[in-house]
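Data first, discussion second: the structure below is written as C-alpha coordinates.
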Amino acid sequence: MNTLTVGMIAGEFHARRVRGLKQDVLRLVEEVIDDGVFHGGRRIRELEATAGERWGGHALCVSSGTMALETAVRALGIGAGDEVIVPALTFVSTAFAVAAAGAVPVFVDIDPSTRTIDPRAVAAAVTPRTRAVIPVHLHGLMADMTAIRAVADTHGLAVIEDCAQAAGATDAGRHAGSMGDIGCFSMWVGKNLGGLADGGLLLTRDPARLPLLRKLTDLGRDGERNTHHVRGSRGRMGEIDAAVIRHQLDLLPAWTERRRAVAARYTDAFAGLPVHRPGDVAGRSHTYYKYPLTTADPAVAASLMAHLSRAGITTEQVYPQALPHQPAMADIPHRVEDIDVSLDVVPRTVCLPIAPELTDQEADRVVEAVHAFHSDRT
Ligand SMILES: Cc1ncc(COP(=O)(O)O)c(C=O)c1O
(Lines give C-alpha, C1' and ligand atoms only; values in the text may rest on other atoms or scores of the structure.)
Protein backbone atom coordinates (compact mmCIF):
# COMPACT_ATOMS: atom_id res chain seq x y z
CA MET A 1 0.00 0.00 0.00
CA ASN A 2 3.01 2.35 -0.04
CA THR A 3 1.83 3.82 -3.37
CA LEU A 4 -1.26 5.25 -1.72
CA THR A 5 0.21 8.54 -0.64
CA VAL A 6 2.10 9.33 -3.86
CA GLY A 7 0.55 12.50 -5.32
CA MET A 8 -2.98 13.83 -4.87
CA ILE A 9 -5.82 12.54 -7.00
CA ALA A 10 -8.12 15.50 -7.44
CA GLY A 11 -11.90 15.35 -7.53
CA GLU A 12 -12.08 17.40 -10.72
CA PHE A 13 -9.82 17.19 -13.72
CA HIS A 14 -10.74 20.09 -15.97
CA ALA A 15 -7.48 21.95 -15.38
CA ARG A 16 -5.64 18.85 -16.62
CA ARG A 17 -7.96 18.60 -19.60
CA VAL A 18 -7.63 22.24 -20.69
CA ARG A 19 -3.86 22.05 -20.26
CA GLY A 20 -3.84 18.99 -22.50
CA LEU A 21 -5.75 20.94 -25.15
CA LYS A 22 -3.65 24.09 -24.75
CA GLN A 23 -2.17 24.21 -28.26
CA ASP A 24 -5.56 23.64 -29.91
CA VAL A 25 -7.21 26.22 -27.65
CA LEU A 26 -4.53 28.83 -28.37
CA ARG A 27 -4.94 28.23 -32.11
CA LEU A 28 -8.73 28.60 -31.86
CA VAL A 29 -8.43 31.80 -29.81
CA GLU A 30 -5.98 33.20 -32.32
CA GLU A 31 -8.35 32.41 -35.20
CA VAL A 32 -11.21 34.22 -33.47
CA ILE A 33 -9.00 37.25 -32.77
CA ASP A 34 -7.86 37.31 -36.39
CA ASP A 35 -11.48 37.14 -37.62
CA GLY A 36 -12.48 39.89 -35.18
CA VAL A 37 -15.97 38.45 -34.61
CA PHE A 38 -16.63 37.65 -30.96
CA HIS A 39 -20.39 36.97 -30.86
CA GLY A 40 -22.98 35.53 -33.21
CA GLY A 41 -20.50 34.39 -35.84
CA ARG A 42 -19.74 31.24 -37.74
CA ARG A 43 -18.44 29.29 -34.74
CA ILE A 44 -21.73 29.64 -32.88
CA ARG A 45 -23.60 28.60 -36.04
CA GLU A 46 -21.33 25.62 -36.55
CA LEU A 47 -21.66 24.41 -32.95
CA GLU A 48 -25.45 24.75 -33.15
CA ALA A 49 -25.64 22.90 -36.46
CA THR A 50 -23.34 20.06 -35.38
CA ALA A 51 -24.80 19.56 -31.88
CA GLY A 52 -28.33 19.67 -33.33
CA GLU A 53 -27.48 17.12 -36.00
CA ARG A 54 -25.67 14.75 -33.62
CA TRP A 55 -28.17 14.95 -30.78
CA GLY A 56 -31.40 14.93 -32.77
CA GLY A 57 -32.81 18.45 -32.60
CA HIS A 58 -32.24 22.14 -33.22
CA ALA A 59 -29.65 23.74 -30.97
CA LEU A 60 -29.15 27.24 -29.58
CA CYS A 61 -25.97 28.26 -27.75
CA VAL A 62 -26.46 30.19 -24.50
CA SER A 63 -24.32 31.51 -21.68
CA SER A 64 -24.86 28.73 -19.09
CA GLY A 65 -26.95 25.75 -18.09
CA THR A 66 -28.82 28.00 -15.66
CA MET A 67 -29.68 30.36 -18.53
CA ALA A 68 -30.83 27.39 -20.63
CA LEU A 69 -33.20 26.22 -17.87
CA GLU A 70 -34.58 29.71 -17.17
CA THR A 71 -35.16 30.24 -20.87
CA ALA A 72 -36.89 26.88 -21.34
CA VAL A 73 -39.28 27.54 -18.45
CA ARG A 74 -40.16 31.00 -19.78
CA ALA A 75 -40.48 29.82 -23.38
CA LEU A 76 -43.13 27.32 -22.30
CA GLY A 77 -45.19 30.19 -20.87
CA ILE A 78 -44.82 28.99 -17.28
CA GLY A 79 -45.32 31.69 -14.67
CA ALA A 80 -47.07 32.78 -11.48
CA GLY A 81 -49.58 30.27 -10.16
CA ASP A 82 -48.01 27.34 -12.04
CA GLU A 83 -46.24 24.35 -10.51
CA VAL A 84 -43.26 22.50 -11.97
CA ILE A 85 -42.17 19.12 -10.63
CA VAL A 86 -38.42 18.69 -10.02
CA PRO A 87 -36.34 16.03 -8.25
CA ALA A 88 -35.17 16.81 -4.70
CA LEU A 89 -31.69 15.60 -5.65
CA THR A 90 -30.32 18.09 -8.15
CA PHE A 91 -28.28 21.27 -8.48
CA VAL A 92 -30.01 24.47 -7.34
CA SER A 93 -30.43 25.84 -10.86
CA THR A 94 -33.16 23.29 -11.68
CA ALA A 95 -35.41 24.78 -8.99
CA PHE A 96 -34.16 28.37 -9.27
CA ALA A 97 -35.17 28.42 -12.94
CA VAL A 98 -38.75 27.57 -11.95
CA ALA A 99 -38.74 30.21 -9.22
CA ALA A 100 -37.24 32.82 -11.59
CA ALA A 101 -40.40 32.52 -13.69
CA GLY A 102 -42.56 33.09 -10.59
CA ALA A 103 -43.71 29.46 -10.57
CA VAL A 104 -43.58 26.96 -7.70
CA PRO A 105 -41.01 24.13 -7.71
CA VAL A 106 -42.51 20.92 -6.33
CA PHE A 107 -39.82 18.56 -5.04
CA VAL A 108 -40.36 14.84 -5.48
CA ASP A 109 -38.24 11.79 -4.74
CA ILE A 110 -35.74 9.85 -6.79
CA ASP A 111 -35.39 6.20 -7.70
CA PRO A 112 -32.82 4.80 -5.23
CA SER A 113 -30.81 2.83 -7.78
CA THR A 114 -30.58 5.42 -10.57
CA ARG A 115 -30.90 8.64 -8.50
CA THR A 116 -33.07 10.13 -11.21
CA ILE A 117 -36.62 11.39 -10.66
CA ASP A 118 -39.11 8.63 -9.81
CA PRO A 119 -41.90 8.68 -12.44
CA ARG A 120 -44.41 7.36 -9.86
CA ALA A 121 -43.57 10.27 -7.58
CA VAL A 122 -44.13 12.64 -10.51
CA ALA A 123 -47.59 11.14 -11.17
CA ALA A 124 -48.48 11.41 -7.48
CA ALA A 125 -47.48 15.10 -7.28
CA VAL A 126 -49.58 16.35 -10.22
CA THR A 127 -52.26 18.93 -9.37
CA PRO A 128 -54.46 21.07 -11.64
CA ARG A 129 -51.72 23.73 -11.47
CA THR A 130 -48.89 21.46 -12.69
CA ARG A 131 -47.51 22.65 -16.03
CA ALA A 132 -44.25 20.79 -16.47
CA VAL A 133 -41.75 18.30 -15.10
CA ILE A 134 -37.95 18.66 -15.19
CA PRO A 135 -36.22 15.26 -15.14
CA VAL A 136 -32.52 15.67 -14.34
CA HIS A 137 -30.11 13.22 -15.96
CA LEU A 138 -28.06 13.11 -12.78
CA HIS A 139 -24.42 12.05 -12.74
CA GLY A 140 -24.61 11.30 -16.49
CA LEU A 141 -27.43 8.75 -16.55
CA MET A 142 -30.69 9.65 -18.27
CA ALA A 143 -33.88 9.60 -16.23
CA ASP A 144 -36.59 7.13 -17.28
CA MET A 145 -37.87 9.35 -20.09
CA THR A 146 -40.36 6.81 -21.45
CA ALA A 147 -42.18 6.58 -18.13
CA ILE A 148 -41.95 10.34 -17.55
CA ARG A 149 -43.28 11.08 -21.03
CA ALA A 150 -46.22 8.76 -20.34
CA VAL A 151 -47.07 10.61 -17.10
CA ALA A 152 -46.62 13.97 -18.85
CA ASP A 153 -48.87 12.97 -21.75
CA THR A 154 -51.58 11.71 -19.39
CA HIS A 155 -51.67 15.05 -17.58
CA GLY A 156 -50.79 17.41 -20.45
CA LEU A 157 -47.43 18.47 -18.98
CA ALA A 158 -44.37 19.80 -20.80
CA VAL A 159 -41.07 17.98 -20.25
CA ILE A 160 -37.86 20.01 -19.83
CA GLU A 161 -34.79 17.78 -19.71
CA ASP A 162 -32.00 18.99 -17.44
CA CYS A 163 -29.05 17.53 -19.38
CA ALA A 164 -26.44 19.64 -17.57
CA GLN A 165 -24.56 16.50 -16.50
CA ALA A 166 -25.37 14.29 -19.45
CA ALA A 167 -23.96 15.57 -22.75
CA GLY A 168 -23.79 12.54 -25.04
CA ALA A 169 -25.88 10.23 -22.83
CA THR A 170 -28.38 8.03 -24.65
CA ASP A 171 -31.51 5.99 -24.06
CA ALA A 172 -31.83 3.20 -26.64
CA GLY A 173 -29.79 5.34 -29.04
CA ARG A 174 -31.78 8.55 -28.45
CA HIS A 175 -29.71 11.41 -27.09
CA ALA A 176 -30.27 13.33 -23.88
CA GLY A 177 -32.16 16.49 -24.76
CA SER A 178 -34.05 14.98 -27.69
CA MET A 179 -36.77 13.14 -25.77
CA GLY A 180 -38.50 16.00 -23.97
CA ASP A 181 -39.87 19.31 -25.29
CA ILE A 182 -36.68 21.24 -24.57
CA GLY A 183 -33.26 19.97 -23.45
CA CYS A 184 -30.95 22.17 -21.35
CA PHE A 185 -27.19 21.59 -21.27
CA SER A 186 -24.44 23.14 -19.16
CA MET A 187 -21.10 23.63 -20.86
CA TRP A 188 -19.25 24.82 -17.80
CA VAL A 189 -15.55 23.92 -18.10
CA GLY A 190 -15.87 21.03 -15.63
CA LYS A 191 -18.71 19.24 -17.39
CA ASN A 192 -18.21 16.22 -19.70
CA LEU A 193 -18.33 18.73 -22.57
CA GLY A 194 -17.35 22.29 -21.68
CA GLY A 195 -15.77 25.51 -22.89
CA LEU A 196 -13.24 27.63 -21.03
CA ALA A 197 -15.53 29.00 -18.33
CA ASP A 198 -19.34 28.98 -18.62
CA GLY A 199 -21.62 28.00 -21.44
CA GLY A 200 -24.86 26.22 -22.19
CA LEU A 201 -27.07 24.95 -24.97
CA LEU A 202 -30.78 24.51 -25.65
CA LEU A 203 -32.02 21.63 -27.80
CA THR A 204 -35.50 21.20 -29.22
CA ARG A 205 -36.99 18.97 -31.88
CA ASP A 206 -39.54 21.69 -32.75
CA PRO A 207 -37.96 24.42 -34.93
CA ALA A 208 -40.99 26.64 -34.26
CA ARG A 209 -39.68 27.12 -30.71
CA LEU A 210 -36.37 28.61 -31.84
CA PRO A 211 -37.38 32.24 -32.52
CA LEU A 212 -38.76 32.71 -28.98
CA LEU A 213 -35.81 30.88 -27.40
CA ARG A 214 -33.49 33.17 -29.37
CA LYS A 215 -35.34 36.34 -28.34
CA LEU A 216 -35.38 35.34 -24.68
CA THR A 217 -31.59 34.98 -24.71
CA ASP A 218 -30.80 38.05 -26.82
CA LEU A 219 -32.52 40.84 -24.89
CA GLY A 220 -35.74 40.25 -26.80
CA ARG A 221 -34.20 40.92 -30.21
CA ASP A 222 -35.09 39.02 -33.34
CA GLY A 223 -31.97 39.50 -35.44
CA GLU A 224 -32.35 43.28 -35.69
CA ARG A 225 -30.24 45.28 -33.29
CA ASN A 226 -32.54 48.05 -32.11
CA THR A 227 -35.91 46.39 -31.60
CA HIS A 228 -36.62 44.44 -28.40
CA HIS A 229 -39.82 42.42 -28.79
CA VAL A 230 -39.93 40.78 -25.34
CA ARG A 231 -38.08 41.09 -22.05
CA GLY A 232 -35.09 38.90 -22.74
CA SER A 233 -31.82 38.16 -20.98
CA ARG A 234 -28.23 38.78 -22.03
CA GLY A 235 -27.79 35.04 -22.47
CA ARG A 236 -25.46 34.50 -25.38
CA MET A 237 -22.31 32.42 -25.73
CA GLY A 238 -19.14 33.93 -27.18
CA GLU A 239 -17.28 32.75 -30.28
CA ILE A 240 -14.21 31.59 -28.34
CA ASP A 241 -16.24 29.26 -26.12
CA ALA A 242 -18.20 28.06 -29.16
CA ALA A 243 -14.94 27.24 -30.98
CA VAL A 244 -13.56 25.33 -27.98
CA ILE A 245 -16.80 23.42 -27.36
CA ARG A 246 -17.14 22.58 -31.07
CA HIS A 247 -13.58 21.20 -30.98
CA GLN A 248 -14.39 19.10 -27.91
CA LEU A 249 -17.65 17.84 -29.38
CA ASP A 250 -15.56 15.62 -31.68
CA LEU A 251 -13.61 14.34 -28.69
CA LEU A 252 -16.69 13.65 -26.55
CA PRO A 253 -17.39 10.06 -27.75
CA ALA A 254 -13.82 8.94 -26.95
CA TRP A 255 -13.90 10.81 -23.64
CA THR A 256 -17.19 9.12 -22.74
CA GLU A 257 -15.70 5.72 -23.61
CA ARG A 258 -12.76 6.49 -21.34
CA ARG A 259 -15.09 7.48 -18.48
CA ARG A 260 -16.99 4.23 -19.04
CA ALA A 261 -13.72 2.25 -19.00
CA VAL A 262 -12.70 3.80 -15.66
CA ALA A 263 -16.20 3.12 -14.29
CA ALA A 264 -15.99 -0.51 -15.47
CA ARG A 265 -12.64 -0.86 -13.70
CA TYR A 266 -14.20 0.39 -10.46
CA THR A 267 -17.38 -1.63 -10.89
CA ASP A 268 -15.49 -4.90 -11.50
CA ALA A 269 -13.10 -4.25 -8.65
CA PHE A 270 -15.86 -3.51 -6.12
CA ALA A 271 -18.00 -6.54 -7.00
CA GLY A 272 -17.45 -8.29 -3.66
CA LEU A 273 -17.81 -5.22 -1.42
CA PRO A 274 -20.92 -4.20 0.53
CA VAL A 275 -21.61 -1.20 -1.74
CA HIS A 276 -24.07 -0.26 -4.47
CA ARG A 277 -22.37 0.59 -7.77
CA PRO A 278 -23.79 2.78 -10.57
CA GLY A 279 -24.28 1.43 -14.09
CA ASP A 280 -26.30 1.34 -17.30
CA VAL A 281 -30.03 0.80 -16.84
CA ALA A 282 -32.48 -0.66 -19.37
CA GLY A 283 -30.85 0.71 -22.52
CA ARG A 284 -29.76 3.95 -20.84
CA SER A 285 -26.02 4.37 -21.29
CA HIS A 286 -24.21 6.04 -18.37
CA THR A 287 -21.71 8.80 -19.17
CA TYR A 288 -20.29 8.97 -15.60
CA TYR A 289 -20.06 12.66 -14.91
CA LYS A 290 -19.84 11.22 -11.39
CA TYR A 291 -19.25 7.72 -10.02
CA PRO A 292 -21.40 7.49 -6.87
CA LEU A 293 -20.58 4.52 -4.63
CA THR A 294 -23.31 3.92 -2.05
CA THR A 295 -22.30 2.45 1.30
CA ALA A 296 -24.44 0.88 4.02
CA ASP A 297 -24.78 3.95 6.22
CA PRO A 298 -23.58 7.55 6.65
CA ALA A 299 -20.90 6.61 9.21
CA VAL A 300 -19.28 4.18 6.76
CA ALA A 301 -19.39 6.81 4.00
CA ALA A 302 -17.76 9.40 6.30
CA SER A 303 -14.99 6.98 7.33
CA LEU A 304 -14.40 5.93 3.71
CA MET A 305 -14.06 9.59 2.68
CA ALA A 306 -11.62 10.22 5.54
CA HIS A 307 -9.63 7.10 4.63
CA LEU A 308 -9.44 8.11 0.94
CA SER A 309 -8.47 11.65 1.90
CA ARG A 310 -5.56 10.30 3.98
CA ALA A 311 -4.55 8.33 0.88
CA GLY A 312 -4.51 11.58 -1.13
CA ILE A 313 -7.77 10.88 -2.98
CA THR A 314 -10.38 13.62 -3.19
CA THR A 315 -14.03 12.54 -3.00
CA GLU A 316 -17.32 14.38 -2.63
CA GLN A 317 -20.96 13.96 -1.69
CA VAL A 318 -23.38 15.29 -4.29
CA TYR A 319 -25.34 17.23 -3.08
CA PRO A 320 -24.52 17.30 0.65
CA GLN A 321 -27.41 19.61 1.50
CA ALA A 322 -30.85 18.57 0.23
CA LEU A 323 -32.05 21.26 -2.15
CA PRO A 324 -35.39 21.88 -0.38
CA HIS A 325 -33.36 22.48 2.81
CA GLN A 326 -31.01 25.08 1.26
CA PRO A 327 -31.30 28.47 3.03
CA ALA A 328 -32.43 30.16 -0.20
CA MET A 329 -35.54 27.99 -0.33
CA ALA A 330 -36.86 29.72 2.81
CA ASP A 331 -37.76 32.72 0.64
CA ILE A 332 -38.96 30.74 -2.38
CA PRO A 333 -42.53 29.44 -2.43
CA HIS A 334 -42.23 25.69 -3.01
CA ARG A 335 -43.75 22.35 -2.06
CA VAL A 336 -41.97 19.24 -0.84
CA GLU A 337 -43.49 15.80 -1.32
CA ASP A 338 -42.08 12.65 0.30
CA ILE A 339 -38.32 12.82 -0.38
CA ASP A 340 -37.12 10.09 2.01
CA VAL A 341 -34.98 8.31 -0.60
CA SER A 342 -33.18 11.54 -1.56
CA LEU A 343 -32.46 12.31 2.09
CA ASP A 344 -31.29 8.77 2.80
CA VAL A 345 -29.02 8.16 -0.17
CA VAL A 346 -26.65 11.15 -0.26
CA PRO A 347 -25.09 10.79 3.23
CA ARG A 348 -24.35 7.15 2.39
CA THR A 349 -22.64 8.02 -0.88
CA VAL A 350 -19.05 8.71 -1.86
CA CYS A 351 -18.37 10.01 -5.39
CA LEU A 352 -15.01 8.70 -6.55
CA PRO A 353 -12.69 10.57 -8.94
CA ILE A 354 -13.64 9.91 -12.55
CA ALA A 355 -12.55 11.68 -15.73
CA PRO A 356 -11.11 10.83 -19.14
CA GLU A 357 -7.84 12.25 -17.84
CA LEU A 358 -7.64 9.86 -14.86
CA THR A 359 -4.83 7.40 -15.58
CA ASP A 360 -5.12 3.64 -15.09
CA GLN A 361 -2.55 3.93 -12.31
CA GLU A 362 -4.65 6.54 -10.53
CA ALA A 363 -7.80 4.43 -10.95
CA ASP A 364 -5.90 1.46 -9.49
CA ARG A 365 -4.83 3.57 -6.52
CA VAL A 366 -8.48 4.43 -5.88
CA VAL A 367 -9.42 0.75 -6.12
CA GLU A 368 -6.61 -0.27 -3.75
CA ALA A 369 -7.58 2.39 -1.23
CA VAL A 370 -11.28 1.40 -1.27
CA HIS A 371 -10.27 -2.25 -0.79
CA ALA A 372 -7.82 -1.37 1.99
CA PHE A 373 -10.64 0.45 3.79
CA HIS A 374 -12.90 -2.59 3.60
CA SER A 375 -10.17 -5.06 4.66
CA ASP A 376 -9.34 -2.88 7.68
CA ARG A 377 -12.99 -3.20 8.75
CA THR A 378 -13.11 -7.01 8.55
C1 LIG B 1 -28.12 19.30 -12.80
C2 LIG B 1 -27.64 20.69 -13.14
N3 LIG B 1 -28.53 21.61 -13.57
C4 LIG B 1 -28.14 22.85 -13.90
C5 LIG B 1 -26.82 23.25 -13.81
C6 LIG B 1 -26.47 24.66 -14.13
O7 LIG B 1 -25.53 24.79 -15.14
P8 LIG B 1 -24.50 26.04 -15.16
O9 LIG B 1 -23.55 25.86 -14.03
O10 LIG B 1 -23.85 25.93 -16.49
O11 LIG B 1 -25.32 27.26 -15.03
C12 LIG B 1 -25.86 22.31 -13.39
C13 LIG B 1 -24.41 22.60 -13.31
O14 LIG B 1 -23.80 23.38 -12.84
C15 LIG B 1 -26.28 21.01 -13.03
O16 LIG B 1 -25.40 20.10 -12.61
Side-chain angles (χ1 to χ4, degrees), residues 11-14 47 51 59-74 84-101 105 107-108 110-111 114-117 132-143 145 148 159-169 176-177 180 182-203 216-217 233-238 241-242 244-245 248 259 278 286-292 316-324 326 328-329 342 345-346 349 351 354-355:
E12 287 175 336
F13 285 80
H14 49 270
L47 175 56
L60 182 73
C61 294
V62 295
S63 52
S64 69
T66 305
M67 176 56 61
L69 285 162
E70 287 183 7
T71 305
V73 171
R74 276 195 68 198
V84 177
I85 299 172
V86 302
L89 187 61
T90 181
F91 189 61
V92 286
S93 300
T94 318
F96 278 7
V98 175
F107 294 102
V108 303
I110 52 160
D111 175 295
T114 63
R115 289 161 193 246
T116 55
I117 197 166
V133 53
I134 310 185
V136 178
H137 305 322
L138 199 77
H139 301 338
L141 180 71
M142 285 180 70
M145 289 301 295
I148 290 158
V159 180
I160 299 171
E161 289 178 70
D162 184 336
C163 313
Q165 305 188 2
I182 303 179
C184 302
F185 294 81
S186 164
M187 289 174 181
W188 167 65
V189 60
K191 289 292 197 296
N192 287 21
L193 174 67
L196 292 180
D198 286 304
L201 189 129
L202 286 152
L203 192 75
L216 290 174
T217 54
S233 301
R234 171 67 93 195
R236 64 193 175 184
M237 179 189 282
D241 274 305
V244 173
I245 295 166
Q248 296 192 19
R259 283 179 187 272
H286 211 308
T287 56
Y288 295 103
Y289 175 58
K290 303 284 176 197
Y291 186 97
E316 59 178 339
Q317 287 192 314
V318 180
Y319 295 92
Q321 178 135 341
L323 179 44
Q326 285 283 353
M329 293 312 298
S342 308
V345 108
V346 171
T349 299
C351 289
I354 191 157

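The shown structure was predicted, so the numbers you read here are calculated from the model rather than taken from an experiment. One-based numbering, in listed order, for ligands and for the atoms of each. As a basis for the values below, the full set of heavy atoms in this structure was taken, side chains included, without hydrogen atoms, waters or symmetry mates.
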Inset, instruction - Quick one: closest heavy-atom pair of Ile110 and Arg115, and the distance? - result: CG2-O, 3.5 Å
Legend entry - Heavy-atom side-chain contact between Gln165 and His137 under 4.5 Å: no
Inset, instruction - Write out the protein residues near ligand 1, meaning a non-hydrogen atom under 4.0 Å from one of its atoms, in order of chain and number. - result: Ser64, Gly65, Thr66, Leu69, Thr90, Phe91, Ser93, Thr94, Val136, Asp162, Ala164, Gln165, Ser186, Lys191, Gly199, Tyr319
All N/O donor-acceptor pairs, side-chain side in residues 187-198, below 3.5 Å, sequence neighbours left out:
unit_1: Asn192; atom_1: OD1; unit_2: Arg259; atom_2: NE; d: 3.4
unit_1: Asn192; atom_1: OD1; unit_2: Arg259; atom_2: NH2; d: 3.3
unit_1: Asn192; atom_1: ND2; unit_2: Thr287; atom_2: O; d: 3.1

Inset, instruction - Taking side-chain contact (heavy atoms from CB on, under 4.5 Å) as the test, write out the residues that go with Ser233, two or more places apart. - result: Met67
Legend entry - Side chains of Ile134 and Val84 in contact at under 4.5 Å (non-hydrogen atoms): yes
Legend entry - Residues in side chain to side chain donor-acceptor pair (under 3.5 Å) contact with Ser93, at least two apart in sequence or another chain: Thr66
